[in-house]
Amino acid sequence: MVAVTAAPTAQPRADVPSLDVLAELVADGDVVVLSGAGLSTDSGIPDYRGTSGSLRRHTPMTFQTFTRDPRGRHRYWARSFVGWRQIRAARPNAGHHAVGELQAAGLVGGVITQNVDGLHQAGGARDVVELHGGLDRTVCLGCGDVAGRAELDERLQEANPRFGPRVDEVNPDGDAELPEEVLDSFVMVDCVACGGGPLKPDVVFFGETVPRDRVDRCFALVDGAGSLLVLGSSLTVMSGYRFVLRASKQGIPVAIVNVGPTRGDGKADHRVDAPLGVVLPELARRLAG
Ligand SMILES: [Zn+2]
């Protein structure tokens with residue numbers, strides 16, 4: 001819970017004018033949101049991109065490893081089987097709900113997210129473009145069939161009734177260290193549609209390109225935007241940063257709300273360095289109440 005109005009003195013004075021300008025920009029409407037991992041941290045989701053349900057402290061899974069190294073793929077799915085509990089249990093936070101409210105109020109149009117956790121949609125947002133895909137689906141590397149992750153989880157539970165790391169092997173953020181012998185005991189299942197194709201989470205791994213039609217859809221959203229509002233992304237990855245460059249080039253105002261500096265700061269017309277869990281509910285209170 002974030003009590004913005006209850007702690008006015010705790011707000012740095014410098015934030016007040018900057019929120020006013022941001023609120024004016026959002027009030028103009030046609031806002032396109034570009035969100036990143038920072039929006040989901042209040043929901044207990046670390047940056048899962050590429051390591052989906054896996055270990056972010058370890059080298060992120062790359063597309064090349066996943067597709068070419070059966071052992072690496074096996075390790076990914078064993079860890080992901082464990083990490084999925086945390087993803088499934090995650091709930092949208094005040095920031096997600098605020099975006100949904102601003103959209104319902106007609107101020108936010110499209111939402112482009114770099115997150116793969118589905119929490120925007122769970123928080124009430126519509127027409128969300130999942131730039132890097134979504135963890136709630138799998139895609140077959142053999143036949144391309146897209147299926148639900150929940151369905152895969154049921155099959156994995158049947159195939160691995162006793163699988164699971166000991167409690168002391170699970171880290172607070174849901175990551176799990178899995179010793180080799182535990183990995184060996186994990187049974188992976190394959191695609192049902194073609195009867196044997198290897199499955200991949202329907203997310204874009206590092207080293208993999210975002211499908212062209214999805215990128216074009218995002219460019220079209222940005223081109224038609226009144227402003228681009230970046231939420232919780234350091235914009236280190238070009239797949240998201242390019243939309244800031246595009247908006248900037250088109251003369252479309254860019255606002256960035258993020259804790260800490262971002263790669264896009266030099267392109268931003270407006271910058272708020274404050275937690276999304278404070279800024280977004282306050283915007284929704286002012287504009288969508
Ligand atoms: Zn298949």
Side-chain angles (χ1 to χ4, degrees), residues 40 45 47-56 58-90 112-122 127-165 174-176 178 180-218 237 239:
S40 288
I45 306 257
D47 185 354
Y48 271 94
R49 180 175 179 251
T51 57
S52 318
S54 180
L55 313 182
R56 70 177 164 146
H58 295 239
T59 310
M61 174 59 74
T62 64
F63 183 66
Q64 288 70 21
T65 298
F66 192 87
T67 50
R68 292 176 197 164
D69 173 9
R71 181 73 183 168
R73 193 159 62 228
H74 187 81
R75 185 181 297 115
Y76 171 89
W77 277 119
R79 287 173 173 169
S80 180
F81 179 56
V82 177
W84 174 246
R85 320 286 118 205
Q86 188 197 10
I87 293 282
R88 201 182 48 179
I112 302 166
T113 186
Q114 301 175 111
N115 300 338
V116 294
D117 52 38
L119 291 177
H120 262 302
Q121 298 91 318
D127 302 327
V128 177
V129 182
E130 294 180 302
L131 190 62
H132 296 151
L135 277 178
D136 60 339
R137 306 178 299 275
T138 58
V139 60
C140 173
L141 291 173
C143 72
D145 182 65
V146 176
R149 174 61 188 267
E151 173 199 330
L152 170 66
D153 193 58
E154 278 180 25
R155 294 168 58 212
L156 287 177
Q157 293 208 48
E158 278 175 28
N160 299 275
R162 282 179 296 281
F163 182 83
D175 284 351
L178 300 181
E180 289 299 310
E181 62 270 22
V182 174
L183 279 178
D184 287 338
S185 72
F186 178 71
V187 178
M188 186 51 196
V189 298
D190 299 318
C191 175
V192 173
C194 67
L199 296 175
K200 174 181 173 293
D202 192 11
V203 299
V204 176
F205 282 123
F206 285 96
E208 189 178 4
T209 49
V210 178
R212 191 67 229 179
D213 58 339
R214 202 183 295 166
V215 175
D216 288 343
R217 203 175 147 207
C218 294
V237 203
S239 68

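In each ligand, atom 1 is the first atom listed, and ligand 1 is the first ligand listed.
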**OP:** State, yes or no, whether a side-chain contact exists between Glu130 and Asp202 at a heavy-atom distance under 4.5 Å.
**Re:** no

Original post:
Closer than 2.8 Å to the Zn ion (ligand 1), which protein N, O or S atoms?
Top reply: Cys140 SG, Cys143 SG, Cys191 SG, Cys194 SG

**OP:** Report yes or no: does Arg149 contribute a side-chain atom to a donor-acceptor pair with the main-chain N or O of Thr138 at less than 3.5 Å?
**Re:** no

Original post:
In terms of heavy-atom contacts, does CZ of Arg71 have more than 12 from other residues, nucleotides or ligands at under 6.0 Å?
Top reply: yes

Subject >> Other residues, nucleotides, ligands: >12 heavy atoms within 6.0 Å of Arg155 CZ >> reply: yes

Original post:
Got a sec, which pairs hit ring pair (Phe, Tyr, Trp, His ring centres under 6.0 Å) with one end in residues 136-157, sequence neighbours left out?
Top reply: none

**OP:** Could you pull out the closest heavy-atom pair between Asn160 and Ser185, with the gap in Å?
**Re:** OD1-O, 3.9 Å

